[in-house]
Undergrad: 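Here it is, the structure, as structure tokens.
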Protein chains: 2
Amino acid sequence: MAKQQSKLPEFAPLARDEISPALANSPCAACTVRQQSVCASLDDNELERLAAISRAMYVAAGSTIFNEGDPADYLFNVTDGVIKLYKLLADGREQVTGFLFPGDFIGLALKDSYSYSAEAISAVRLCKMKRSQFRDVLAVTPRLEHRLLSVASNELAQAQDQMLLLGRKTAREKIVSFFLQLAERRDKSRQAQINAGAELESSKFDEDVVELPMGRADIADYLGLTTETVSRTLTQLKTDGSIQLLDNHQVRLGGRESLREIAQGL
Amino acid sequence: MAKQQSKLPEFAPLARDEISPALANSPCAACTVRQQSVCASLDDNELERLAAISRAMYVAAGSTIFNEGDPADYLFNVTDGVIKLYKLLADGREQVTGFLFPGDFIGLALKDSYSYSAEAISAVRLCKMKRSQFRDVLAVTPRLEHRLLSVASNELAQAQDQMLLLGRKTAREKIVSFFLQLAERRDKSRQAQINAGAELESSKFDEDVVELPMGRADIADYLGLTTETVSRTLTQLKTDGSIQLLDNHQVRLGGRESLREIAQGL
DNA sequence: GCTTGGCGTTGACATGGGTCAATCCTTCTT
DNA sequence: AAGAAGGATTGACCCATGTCAACGCCAAGC
């Protein structure tokens, strides 16, 4: 579970303790996911307001961040690690509504209490804000509100894609769609880092290898399947050459175009 | 299909032709769904801006309003009738992502082109706005943006409920959940009308009778089922007394609490 | 009043994916 | 190095739901 953290023995860039409210030594200024998150739209002045109400928070792999029904007093920005959001039925059936990666924001779809639970899949670093304070900042930061609306728009469109997947796709189509989602997500955040001037060792980077930070059970609960079906479908995809499984948490995709056709039912 | 329109031989309250940009004789002022729609947050001044860019539009039952992939040049407010939004797979499989009722807004989850198709289920009256103009109004109407964000939030939460339904519920649970959705939606919009001071003949109103404006095929495509399964599940629910079917488009629910338990898998 | 065409329902049968259970890795522990 | 434990995989079987096809009902048109 702590596998993909081996490269990050510590979360290097940020101090582990309380964050200073002044921007000068605010972690936001050096935030590694600034360009990808809701903060991307803000100028220094505005960012300072957010920094003033943000606190870093560290969560170990496997632990719960909050549960559906808890009073929704805090919002979060994921800055490192992977999180799953999920809902439960009374008898324990689980639906994962999304996986969150660095740059993602938690707190759009909420009323007074959280409408889903959140659990850390890997070790996670979060930027935590009191909801009441966030609301105050929001009220005087129209650009932030605008940005949130656009984020919400995107999530809504994604949610609709997921409905199509859950309601109408076969197991095979679901799994392939999922891999393509992950690949596109990865591409996009890579691109954002490059645009921000980061130096990525583009040499030893394989375009077609996708990380699967989560286990089979989480994949199954995301796609409306069982672990057994996920497993069987993977070996089937492996057998017909659509993918290779490097290990349990890494797939190499064999040709995005043909995979895209599988995902659409062609 | 035009059945539930029989009470509305004409869409009485609004003029059928172009709308005057002045608020005085703007239809918005007399709009029957003003309190339930995005417009609810606006004062007269702001409403005038919206009115100035709005045009009424009438669509016959069964016709398409736009298709997935069309350039998204217009946004809409539903003022009368029922609409389905849906996505298609290449081979024709269909997923209905939502049914829209008076007061609902179309245009949150879009990029440059529509990410779903929209079709009128009954005769429909829409309030149509050019997207570019709407953006201009939005830029100077923070309250509108705030309102949109809150609408988007709610839709996201609903979308997540729908994922749980599609991914993890049985046919029986799906259908009952759907009926409860419709009932709650109806209650809410009734309440909004009452709050707005409307005189509803509360005498001959049956709390537990729910209208199903859409056909079995649309219900099936919304719930990730087939028409046959919908039909069979309905007769099963009828048999064990959970519901009564008054006619093809009206159900009477037998006890919301017990239905809520069925919907949650208890 | 007959015909036509859309739905909706029902029946018989097929199957994708679920269930239950055994086995196989890995990785961690000692 | 052996053991233990938590995934992941595989197999055998089952069942909820899909598929295919017949039939019924009702409203619209001739």
Side-chain angles (χ1 to χ4, degrees), chain A residues 1-6 60-62 84 89 91-95 121-122 165-176 178 212-239 243-251 262 265, chain B residues 1-6 60-62 84 89 91-95 119 121-122 165-176 212-239 243-251 262 265:
Chain A
M1 194 63 81
K3 193 172 306 161
Q4 45 285 351
Q5 288 314 127
S6 51
K84 72 163 175 178
L89 246 23
D91 61 1
R93 279 172 286 171
E94 174 175 333
Q95 178 66 39
I121 282 182
S122 64
L165 179 150
L166 290 169
R168 288 301 181 215
K169 289 188 180 178
T170 66
R172 190 181 165 84
E173 291 161 0
K174 285 174 174 182
I175 299 237
V176 171
F178 176 56
L212 307 176
M214 67 294 291
R216 300 291 186 263
D218 289 333
I219 296 177
D221 286 334
Y222 181 59
L223 300 176
L225 301 170
T226 57
T227 50
E228 291 94 330
T229 300
V230 170
S231 195
R232 278 189 258 268
T233 307
L234 286 179
T235 62
Q236 185 205 320
L237 287 167
K238 204 167 49 180
T239 305
I243 62 167
Q244 296 166 50
L245 276 178
L246 308 185
D247 68 52
N248 278 345
H249 296 277
Q250 276 189 310
V251 233
I262 295 176
Chain B
M1 195 63 82
K3 194 170 308 164
Q4 46 285 351
Q5 288 315 128
S6 49
K84 72 163 175 178
L89 247 21
D91 60 2
R93 278 172 287 171
E94 175 175 332
Q95 178 66 39
E119 184 184 310
I121 281 182
S122 64
L165 179 151
L166 290 169
R168 288 300 181 218
K169 289 189 180 177
T170 65
R172 188 180 166 85
E173 292 161 359
K174 285 176 175 182
I175 300 236
V176 171
L212 308 175
M214 66 296 290
R216 299 291 186 264
D218 288 334
I219 297 177
D221 285 335
Y222 181 58
L223 301 176
L225 300 170
T226 59
T227 48
E228 291 93 332
T229 300
V230 170
S231 195
R232 276 189 258 268
T233 307
L234 286 179
T235 61
Q236 183 205 322
L237 287 167
K238 204 167 47 183
T239 305
I243 62 166
Q244 295 168 51
L245 276 177
L246 307 184
D247 69 52
N248 279 344
H249 294 277
Q250 276 187 310
V251 234
I262 295 177

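What you are looking at is a predicted structure, and each value in this text was computed from that prediction instead of being measured. Only this structure's heavy atoms are used, side chains among them; waters, hydrogens and symmetry mates stay out. The chains referred to below are lettered A, B, ... by the order of the sequence lines, with proteins before strands, and numbering in each begins at 1.
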Undergrad: Check whether any side-chain N or O of A/Gln244 sits under 3.5 Å from a backbone N or O of A/Val251 as a donor-acceptor pair, and report yes or no.
TA: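 Between the backbone of A/Val251 and the side chain of A/Gln244 there is no qualifying donor-acceptor contact (under 3.5 Å).
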Undergrad: Mind listing the closest non-hydrogen atom pair of B/Arg232 and B/Thr235 along with its distance?
TA: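 Taking B/Arg232 first and B/Thr235 second, the nearest heavy atoms are O-OG1, 2.9 Å.
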Undergrad: Tell me whether the side-chain N/O atoms of B/Thr226 come closer than 4.0 Å to OP1 or OP2 in D/dG18.
TA: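 So the side-chain polar atoms of B/Thr226 do come within 4.0 Å of the phosphate oxygens OP1 or OP2 of D/dG18, strictly under.
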Undergrad: Would you jot down, in residue-number order, the residues of residues 217-225 of chain B having a non-hydrogen atom under 4.0 Å from DNA chain D?
TA: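 DNA chain D contact set from residues 217-225 of chain B: B/Gly224, B/Leu225.
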Undergrad: Do you know which two heavy atoms are closest between A/Lys174 and A/Leu223, and how far apart they sit?
TA: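 Looks like NZ-O, 2.9 Å.
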Undergrad: Would you call B/Arg172 and B/Leu237 a side-chain contact if the rule is heavy atoms closer than 4.5 Å?
TA: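 Yes. Closest side-chain heavy atoms under 4.5 Å.
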Undergrad: Identify all pairs in which a protein N or O lies below 3.5 Å from an N or O of nucleotides 20-23 of chain D, and state each distance.
TA:
| residue | atom | partner | partner atom | Å |
| --- | --- | --- | --- | --- |
| D/dC20 | N4 | B/Glu228 | OE2 | 2.9 |

Undergrad: D/dG24 C1' sits how many Å from B/Asn248 CG, rounded?
TA: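 One finds 12 Å between C1' of D/dG24 and CG of B/Asn248, rounded.
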Undergrad: Is the shortest side-chain N/O distance from B/Thr227 to OP1 or OP2 of C/dG8 below 4.0 Å?
TA: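 No, B/Thr227 has no side-chain N/O under 4.0 Å of OP1/OP2 on C/dG8.
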Undergrad: Give, ordered by number, those residues of residues 165-176 of chain A having at least one heavy-atom distance below 4.0 Å to an atom of DNA chain D; if nothing qualifies, reply none.
TA: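 Of all residues in residues 165-176 of chain A, none places a heavy atom under 4.0 Å from DNA chain D.
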Undergrad: If only side-chain N and O atoms of B/Thr235 are considered, is one of them under 4.0 Å from the OP1 or OP2 phosphate oxygen of C/dT10?
TA: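 Indeed, a polar side-chain atom of B/Thr235 lies that close.
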Undergrad: Should B/Thr229 be listed as having a side-chain N or O under 4.0 Å from OP1 or OP2 of D/dT17?
TA: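 It does not, given that no N or O in the side chain of B/Thr229 lies less than 4.0 Å from OP1 or OP2 of D/dT17.
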Undergrad: Can you measure A/Asp247 atom CG to C/dC25 atom P for me and round it to whole angstrom units?
TA: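 Going from A/Asp247 (CG) to C/dC25 (P), I get 15 Å.
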Undergrad: Do A/Asp221 and A/Arg93 sit within salt-bridge range, that is, some charged N less than 4.0 Å from a carboxylate O?
TA: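 So A/Asp221 does not pair with A/Arg93 through a salt bridge.
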